[in-house]
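Proteins get letters first, then strands, A, B, ... in listed order; numbering begins at 1 in each. The analysis underlying the following values was restricted to heavy atoms, covering all of them including side chains, and did not include hydrogens, waters or symmetry mates.
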Amino acid sequence: MTVQQSIQTKIAAALAPSHLEVVNESHMHSVPPGSESHFRVVVVSDRFEGLPLVRRHQTVNRILEGEFEDGLHALSMQTLTGAEWHDRGGRTRASPACRGGGKAD
Amino acid sequence: MDNLAADRIRQEIESNDVVLYMKGSPVFPQCGFSAAVVQVLSHLSVKFKGVDVLQDPGLRQGVKEFSNWPTIPQLYVKGEFVGGCDIVREMAESGELETFLVEKGVETEPAA
């Protein structure tokens, strides 16, 4: 299973998201072609209801603990409830460009 | 974890109102995520201490364990962990960051 698939599967199983995007953005960074080091996820789940942003991100970080241990380097995320996603009209945010330092290890 | 790193972090976040653990320096960030947080803080004219984790592998690993947060950058305000790049950007967009900094007694002078 690729890292992308395992991120997808684990988040889907743990948070029952109504919308889930897992985008491999490694090509935007100073890592070899085909790397799976930098990802962006959009998770829309009502499990986030009532949780502050930092707790939502910690929840996702914890779900992907194994992936971080195995070399996942950067994870940009948007964590929204169904209502928040609806209010935003489904708009997502782009990740910042790489600046070359601190290669994925 | 590395006790030396933990002691250093504790001391840094206690003696500085706003500390950003980042890659590169505030003037020359070496990572887009770090640069984005520097940009937000600069826009709000927040005085902060930038700490380059690339200079110290023990610190780079230590700060992840200290805050139980797997990525860099990491922002601390008055000793409290606020979040990483996504959280800081999102709070800035909603205006929540400025409110939070004011509540914490951190002086900000947003660009006119």
>> Whether the A/S76 and B/D86 side chains hold a donor-acceptor pair (N or O, under 3.5 Å, no angle test) is what I'd like checked.
In response: yes
> Hey, does the side chain of A/S37 reach the backbone of A/S26 with a donor-acceptor pair shorter than 3.5 angstrom?
Replying inline: no
> So what's closer than 4.5 Å to chain A heavy atoms on B/E90: side chain, backbone, both or neither?
Replying inline: both
> When you measure from the side chain of A/T79 to the backbone N and O of A/R56, does any donor-acceptor pair fall under 3.5 Å?
Replying inline: no
> In terms of heavy-atom proximity below 4.5 Å to chain A, should B/V82 be classed as side chain, backbone, both, or neither?
Replying inline: backbone
> Which region of A/R62, side chain (C-beta onward) or backbone (N, CA, C, O), has a non-hydrogen atom less than 4.5 Å from a non-hydrogen atom of chain B, or is it both or neither?
Replying inline: neither
> Looking at B/P29, B/C31, B/P70, B/G83, which makes the most heavy-atom pairs under 4.5 Å with chain A?
Replying inline: B/P70
> Among B/I87, B/T71, B/N68, B/I72, which residue forms the greatest number of heavy-atom pairs with chain A at distances under 4.5 Å?
Replying inline: B/I87
>> Please check: side-chain N/O of A/E67 versus main-chain N/O of A/I7, any donor-acceptor pairing under 3.5 Å?
In response: no
>> Tell me whether A/R55 contacts the main-chain N or O of A/P52 through its side chain, where contact means a donor paired with an acceptor under 3.5 Å.
In response: no
> Of the backbone (N, CA, C, O) and the side chain (C-beta and beyond), which part of B/F28 lies under 4.5 Å from a heavy atom of chain A, both, or neither?
Replying inline: neither
>> So for A/L75, is it side chain, backbone, both, or neither that comes closer than 4.5 Å to the heavy atoms of chain B?
In response: backbone
>> For A/H27, is the NE2 atom crowded, meaning more than 12 foreign heavy atoms sit under 6.0 Å from it?
In response: yes
